[in-house]
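Sequence positions, counted from 1, serve as the residue numbers for this chain. Scope of the values below: all heavy atoms of this structure, side chains included, with no hydrogens, waters or symmetry mates.
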Amino acid sequence: MFSVIIVPDGCRGLDEQYRLEPGHTLRFGRTAPTGSGLALSHPSVACAAGEITATGAFWILTNFSSDQTYLVENPEGAGEHIRVAPGRADAPVPFEFARVRLCAGDSGAGCGFDVLAPRHDYLASADSLVAGSRSRVQRAAALRPGAAHGDVAHGEGNRYEERTEGPSESRTEDPAEGGTGDPAEDRTQDWGFDPFPRPYPLDHSCHYFLVLAALCEAPLRGDAAAPVPDVVELTERLRPAWPDASPAAVAWNIDYLRLKLRLRAPDAAESVREALVRFALRFDLVQEAHLAVLDGGLAHAGAGRESRAGAAGAY
């Protein structure tokens with residue numbers, strides 16, 4: 001599968017694009033090899049300017065120049081970019097869409113190109129990655145410092161050493177056979193073990209998530225220029241899923257979201273609502289598939305429990 005697509009300036013079709021599979025490399029410059037490299041006509045571009053290597057779901061950039069810094073911009077970000085210093089090798093680029101600029105202060109044709117990285121790789125569920133058919137004790141041992149493949153490592157200074165069992169320290173019989181089970185496993189039952197904690201945990205069954213989804217609805221449906229709805233507009237939009245919503249309750253949930261997501265005070269020209277939308281879309285906290293909650297109601301009967309903490313009734 002092609003993981004990186006390079007689109008030169010003035011490209012008129014697929015046959016003028018360069019498609020790289022993982023591990024493949026494309027060199028670029030003013031005198032790049034015909035048929036095996038990207039030739040750029042701008043006089044400020046070095047004869048051998050650099051190379052791009054496809055690496056799975058991302059790509060790396062090497063700068064052959066001794067005095068030019070290359071700029072890689074994210075067109076979807078608000079000025080997000082990285083700089084690749086002269087002589088830098090294998091600089092990883094995390095952007096799915098990127099514009100590579102080779103000539104400082106010049107944005108004319110021929111001094112850059114676009115790079116697309118459309119490949120998306122996803123992990124299996126956390127439980128299948130960490131647990132599988134193993135017990136809690138084996139999962140915990142595998143994730144301890146110094147452990148590998150479920151075996152507890154030995155070594156000086158490692159307090160997770162394997163313990164040799166004597167005759168009187170043998171394991172308890174299996175609970176299914178009438179025993180009490182492994183005491184160590186019993187001690188782990190209250191750990192609340194989560195190997196993949198989320199930095200911004202949001203409960204999709206709570207009212208605050210309804211409010212956040214309504215705030216982000218317009219840009220997620222493709223209308224990026226639409227103004228962010230105010231509290232009254234949000235209240236009306238939330239009626240199908242939250243019949244007893246009130247402006248006061250919506251405003252309370254907006255303030256709660258600001259605290260929950262640890263947002264800084266917005267700039268004078270930006271409201272809290274606008275800051276929430278920008279933050280949520282930037283980190284994919286709300287996606288288009290989530291907008292179904294606006295018409296389908298909350299997911300669970302106990303919804304809103306978190307957003308109602310410390311607030312009354314409809315909050």
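- Contact annotation: the side chain of Thr69 approaches that of Pro86 to within less than 4.5 Å [non-hydrogen atoms, C-beta and beyond].
- The structure places CG of Leu220 at 5.5 Å from CG of Leu281, a figure rounded to the nearest 0.5 Å.
- Across Pro219 and Val277, no two heavy atoms sit closer than the pair CG-CG1, 4.3 Å.
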Test log, rule side chain to side chain contact (heavy atoms under 4.5 Å, CB included), inputs His42 and Leu102: CA-CA 10 Å; His42 199 282; Leu102 307 178; over 6 Å; no
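- Ring orientation note: the planes of Tyr256 and Tyr208 are tilted relative to one another, at an angle of 30° to 60°.
- Taken to the nearest 0.5 Å, the CG atom of Leu261 stands 6.5 Å off from the CG atom of Leu276.
- The hydrophobic cluster around Ile5 extends to Val7, Phe97, Leu116, counting ILVMFWY residues whose side-chain heavy atoms fall within less than 4.5 Å of a member.
- Atom OG of Ser246 and atom CH2 of Trp252 lie 12.0 Å apart (nearest 0.5 Å).
- Put simply, the side chain of Leu61 does not reach to within 4.5 Å of the side chain of Val115, judged on heavy atoms.
- In terms of heavy atoms, Phe113 sits closest to Pro8 at CB-CA, 4.1 Å.
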Ser65/Asp67 under side chain to side chain donor-acceptor pair (under 3.5 Å): CA gap, chis, key distance, verdict: CA-CA 6 Å; Ser65 173; Asp67 57 1; 3.1 Å; yes
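- The line from CG of Leu210 to CG of Leu291 is 11.0 Å long, rounded to the nearest 0.5 Å.
- Annotation for Pro247 and Val231: closest pair O-CG1, 3.3 Å, computed over non-hydrogen atoms.
- Both Leu38 and Leu20 belong to a common hydrophobic cluster when Ile, Leu, Val, Met, Phe, Trp and Tyr are linked at side-chain heavy-atom distances under 4.5 angstrom.
- Taking each heavy atom of Gly10 and Glu16 in turn, the nearest pair found is O-OE1, 3.8 Å.
- Counting only heavy atoms from C-beta outward, the side chains of Leu257 and Phe279 never approach each other to under 4.5 Å.
- In this structure, CZ on Arg273 lies 8.0 Å from CD on Glu233, to the nearest 0.5 angstrom.
- The closest donor-acceptor contact from the side chain of Arg30 to the backbone of Val45 lies under 3.5 Å.
- In terms of modelled atom types and a separation under 3.5 Å, the side chain of Asp90 and the main chain of Ile60 share no donor-acceptor contact.
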Going through the checks in order, is the salt bridge (charged side-chain N to carboxylate O under 4.0 Å, His left out) test met by Asp295 and Arg239? CA-CA 9 Å; Asp295 300 312; Arg239 293 289 185 199; over 6 Å; no
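- When side chains are defined from C-beta on, Thr62 does not count as touching Thr25, because their heavy atoms never get closer than 4.5 Å.
- Looking at Val84 and Val93, their side chains never come closer than 4.5 Å, going by heavy atoms from C-beta outward.
- Distance alone, capped at 3.5 Å, places no donor-acceptor pair between the Thr235 side chain and the Ala245 backbone.
- Between Val228 and Ser271, every side-chain heavy-atom pair lies at or beyond the 4.5 Å cut-off.
- A 4.5 Å side-chain heavy-atom check between Tyr70 and Arg88 finds every atom pair outside the cut-off.
- Taken together through direct or relayed side-chain contacts under 4.5 Å among Ile, Leu, Val, Met, Phe, Trp and Tyr, Leu71 and Phe58 form parts of separate hydrophobic clusters.
- Going from atom CG of Leu238 over to atom CG of Leu294 covers 6.5 Å, rounded to the nearest 0.5 Å.
- Of all heavy-atom pairs spanning Ala98 and Val72, the tightest one is CB-CG1, 3.8 Å.
- Using a 4.0 Å cut-off between charged side-chain N and carboxylate O, Lys260 and Asp255 make no salt bridge.
- Residues Trp59 and Ile6 fail the side-chain proximity criterion, which asks for heavy atoms closer than 4.5 Å.
- For the residue pair Asp9 and Cys111, the shortest heavy atom distance occurs at OD2-N, 4.3 Å.
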